[in-house]
Novice: 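Structure provided below as structure tokens; questions to follow.
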Amino acid sequence: AAGGAGAGAGGLVAPMGRQHQPEFFEVWLVDQGLRNCVSRTAFEVVVDAGAFRLVARGGNTLTVDGVPIAGVGACAPLTSGSEVAFTYSGPGQSGMFLLLRFMPGAGAGVGAPAPSSSPQQVASTFSSPERPA
């Protein structure tokens with residue numbers, strides 16, 4: 001499952017990316033070319049005082065609930081049902097190649113993870129609601 005997560009200065013930190021959840025990304029993105037477009041550590045989910053936030057860590061272009069996250073270190077709040085999209089743009093085309101939905105507590109039952117929840121439970125709170133065409 002998820003690895004490399006731990007408690008940081010801002011609370012519990014769970015890294016997300018193809019290095020940390022390779023089995024998830026292999027299922028979500030069957031095409032290795034697309035999978036390689038996901039940074040090894042694309043973002044972190046930080047839990048602090050019961051609040052969740054996404055912190056961008058890779059070179060991926062991300063959106064949270066349709067709002068672009070600009071650059072490494074940029075943050076966005078996460079709430080239950082927040083959608084994190086991996087997007088691309090190129091000459092004459094742009095779009096989304098992976099959409100994840102944040103569901104706190106999904107790996108541990110109902111409700112948000114308690115402060116004592118394991119990093120694996122926090123990192124497993126994303127699901128892929130749809131497979132891009």
Side-chain angles (χ1 to χ4, degrees):
L12 184 66
V13 177
M16 300 293 295
R18 63 184 164 90
Q19 172 182 323
H20 304 284
Q21 296 82 20
E23 65 280 3
F24 292 165
F25 284 94
E26 287 172 9
V27 171
W28 293 337
L29 296 169
V30 177
D31 181 300
Q32 185 166 353
L34 282 177
R35 198 166 51 246
N36 287 339
C37 291
V38 175
S39 296
R40 290 180 183 97
T41 302
F43 61 89
E44 294 172 338
V45 175
V46 178
V47 185
D48 191 17
F52 297 90
R53 73 180 184 277
L54 177 144
V55 180
R57 293 294 179 214
N60 296 107
T61 303
L62 300 170
T63 66
V64 175
D65 296 326
V67 178
I69 306 303
V72 174
C75 298
L78 292 171
T79 59
S80 184
S82 284
E83 293 184 340
V84 177
F86 288 79
T87 61
Y88 65 90
S89 61
Q93 56 177 266
S94 65
M96 168 185 57
F97 66 91
L98 180 63
L99 177 66
L100 303 175
R101 184 168 294 131
F102 182 65
M103 302 299 293
V110 178
S116 62
S117 294
S118 74
Q120 289 77 15
Q121 289 170 330
V122 173
S124 69
T125 60
F126 278 91
S127 63
S128 182
E130 59 190 60
R131 185 176 292 253

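Note: hydrogens, waters and symmetry copies are ignored here, and every other heavy atom, side chains too, is used. Here, residue 1 is the first one in the sequence, and each next residue gets the next number.
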Novice: If you look at every heavy atom in L99 and A85, which pair is closest and at what distance?
Specialist: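 Nearest pair, atom of L99 first, then A85: CD1-CB, 4.0 Å.
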Novice: Rounded to the nearest 0.5 Å, how far apart are CG of L34 and CH2 of W28?
Specialist: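 Going from the CG atom of L34 to the CH2 atom of W28 covers 14.5 Å.
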Novice: Between R53 and V46, is there a donor-acceptor pair closer than 3.5 Å when you use the side chain of the first and the backbone of the second?
Specialist: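 Side chain of R53 to backbone of V46: no pair is present.
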Novice: For residues 36-47, which residue pairs qualify under salt bridge (charged side-chain N to carboxylate O under 4.0 Å, His left out), counting only residues two or more places apart or in two chains?
Specialist: E44-R57
Novice: Look at the aromatic rings of F86 and F43 and report parallel, tilted or perpendicular, splitting at 30° and 60°.
Specialist: tilted
Novice: Between CG of L100 and CE of M16, what distance do you get to the nearest 0.5 Å?
Specialist: 6.5 Å
Novice: With a 4.5 Å cut-off on side-chain heavy-atom distances among I, L, V, M, F, W and Y, is there a chain of contacts connecting Y88 to V72?
Specialist: no
Novice: Using modelled atom types only, decide if a donor and an acceptor are shared between the side chain of T41 and the backbone of G17 within a distance under 3.5 Å.
Specialist: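 Side chain of T41 to backbone of G17, a donor-acceptor pair under 3.5 Å: no, none is there.
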Novice: Within the distance-only criterion (no hydrogens, no angle test), does the side chain of T87 pair as donor or acceptor with the backbone N or O of T61 below 3.5 angstrom?
Specialist: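 Yes, T87 side chain to T61 backbone: donor-acceptor pair under 3.5 Å.
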Novice: Shortest non-hydrogen contact from N60 to A42?
Specialist: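 Reported closest heavy-atom pair: OD1-CB, 3.5 Å.
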Novice: With a 4.5 Å heavy-atom cut-off, do C37 and F97 have their side chains touching?
Specialist: yes
Novice: Of all heavy-atom pairs between I69 and A56, which one has the smallest distance, and what is that distance?
Specialist: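 What the structure gives for the nearest pair is CG2-CB, 3.9 Å.
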Novice: If every non-hydrogen atom of P77 is compared with every non-hydrogen atom of V64, which pair is closest and at what distance?
Specialist: O-CG1, 3.8 Å
Novice: Relative to each other, are the rings of F102 and F52 parallel, tilted or perpendicular (30° and 60° limits)?
Specialist: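 Geometry flag for F52 against F102: perpendicular rings.
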Novice: Quick check: does any side chain N or O of Q21 sit under 3.5 Å from a backbone N or O of P15, one acting as donor and the other as acceptor?
Specialist: yes
Novice: Taking all non-hydrogen atoms of both residues, which atom of D31 and which atom of G33 are closest, and how far apart?
Specialist: OD1-N, 2.7 Å
Novice: Between OG of S82 and CZ of R101, what distance do you get to the nearest 0.5 Å?
Specialist: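 Output value for this atom pair is 10.0 Å.
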Novice: Go through the steps to decide whether E83 and T63 satisfy the test side chain to side chain contact (heavy atoms under 4.5 Å, CB included), and finish with yes or no.
Specialist: CA-CA 8 Å; E83 293 184 340; T63 66; over 6 Å; no
Novice: From H20 NE2 over to S39 OG, what is the distance, rounded to the nearest 0.5 angstrom?
Specialist: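 It is 10.0 Å, given to the nearest 0.5 Å.
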Novice: Can you give me the closest heavy-atom contact between P68 and G66, atom names plus distance?
Specialist: CD-O, 3.6 Å
